[in-house]
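A quick write-up on the structure given underneath.
Numbers restart at 1 for each chain; the letters A, B, ... are given by sequence-line order, proteins then strands.
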2 protein chains.
Amino acid sequence: MIEPFGDEYFMKKAFAEAVQAFDQGEVPVGAVVVSGNKIIARAHNLTETLNDVTAHAEMQAITSAANLMGGKYLNDCTLYVTLEPCLMCAGALAWAQVGKIVFGAPDPKRGFRKHSPNALHPKTEVVGGVLSEECAELMQEFFRKKR
Amino acid sequence: MIEPFGDEYFMKKAFAEAVQAFDQGEVPVGAVVVSGNKIIARAHNLTETLNDVTAHAEMQAITSAANLMGGKYLNDCTLYVTLEPCLMCAGALAWAQVGKIVFGAPDPKRGFRKHSPNALHPKTEVVGGVLSEECAELMQEFFRKKR
């Protein structure tokens, strides 16, 4: 059983966003932002639909969460995302001073840890590998279908 | 005399955007995107106004230019920006595969070169230090007034 309001619980919500991206022909990455056990933002990758490389799930989730919070900083928030953030997203998460990041599948090629392991705010806690297999499989399925 | 359509010429246009940011109480960074000697996007930092850490000048310029070009990739474009891009913006410029980046003042603290010198696309040409003094002075003036 999945613990309510635990990391797996919220990663499932991010995964549901990733599935929406998949169904729209987008690279299937999803994210949610949680504050006080409440989801305050949901987003999935929309780079193709919006014709915009900046429309990663995390970027939209940050913008949306800040909009709801009425402040730019997300210190008390946790971002759940199905894939390890890229440099762009890590940089944005650093500016937002997000309290905690939980990611699903690692991204050895494009993930921030390879290129700039200290990209995040020093106070940001990072947890990786939550529902890693499901998240990675969805990505693999997407690229398999593309070929 | 400034050479028409040279790097200084377009940096002046980016600088004019930075001045607009300054006048709005925003950290004064401006950017333009040029394709075939034509400015196809102009933007300045709007993080305070939009309450959004992702609203850097470069990010908006990329989105706007892609919108106009009708394609996500900006291989044939040059981005002029008054300050060395941060990691977030460098990551976005990498995804956009921008052809050339010309920046004004270096940013030894937050600039991408300190944190991840290879953040950009390998084919992206980089020129730094164009109108560096004016760009840096505007930043210094902004932070002097803030104190």
Please classify the contact between B:D52 and chain A as side chain, backbone, both or neither, with a heavy-atom cut-off of under 4.5 Å.
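Looking at B:D52, backbone and side chain both touch chain A.
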If one checks every heavy atom of B:A92 against chain A at 4.5 Å, the contacting part turns out to be both
Please report the closest heavy-atom contact between A:G70 and B:N51, naming both atoms and the distance.
C-ND2, 3.4 Å
Do you know the tightest heavy-atom contact between B:L87 and A:G91?
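Looks like CB-CA, 4.5 Å.
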Can you tell me if NZ on A:K100 sees more than 12 non-hydrogen neighbours from other groups inside 6.0 Å?
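Counting neighbours around NZ of A:K100, more than 12 heavy atoms of other residues, nucleotides or ligands fall under 6.0 Å, so yes.
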Could you state whether [X] and [Y] fall into the same hydrophobic cluster, counting links through intermediate Ile, Leu, Val, Met, Phe, Trp or Tyr residues with side-chain heavy atoms under 4.5 angstrom apart?
X: A:L79; Y: A:Y9; answer: no
X: B:F103; Y: B:V98; answer: yes
X: B:I101; Y: B:L83; answer: yes
X: A:V53; Y: A:L46; answer: no
X: B:I39; Y: B:V127; answer: yes

For B:H115 and A:H115: C-alpha separation, side-chain torsions, deciding distance, then whether side-chain contact (heavy atoms from CB on, under 4.5 Å) applies.
CA-CA 9 Å; B:H115 302 281; A:H115 301 280; over 6 Å; no
Under a 4.5 Å heavy-atom cut-off, does chain B meet the side chain of A:A96, its backbone, both or neither?
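Contact with chain B: backbone and side chain both.
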Choice from B:A55, B:A94, B:A65, B:G71 maximising heavy atom contacts with chain A below 4.5 Å
B:G71
Among A:A66, A:S116, A:C89, residue most engaged with chain B (heavy-atom pairs, under 4.5 Å)
A:S116
Measuring from B:Q60:CD to A:T54:OG1, what's the distance to the nearest 0.5 Å?
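Atom-to-atom, B:Q60:CD and A:T54:OG1 are 10.0 Å apart.
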NZ of A:K72 to CD of B:E48: how many Å apart, nearest 0.5 Å?
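Answer for the NZ-CD pair, A:K72 versus B:E48, is 3.5 Å.
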Would you mind reporting whether A:C86 and B:W95 have side-chain heavy atoms less than 4.5 Å apart?
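Answer yes - side chains close enough.
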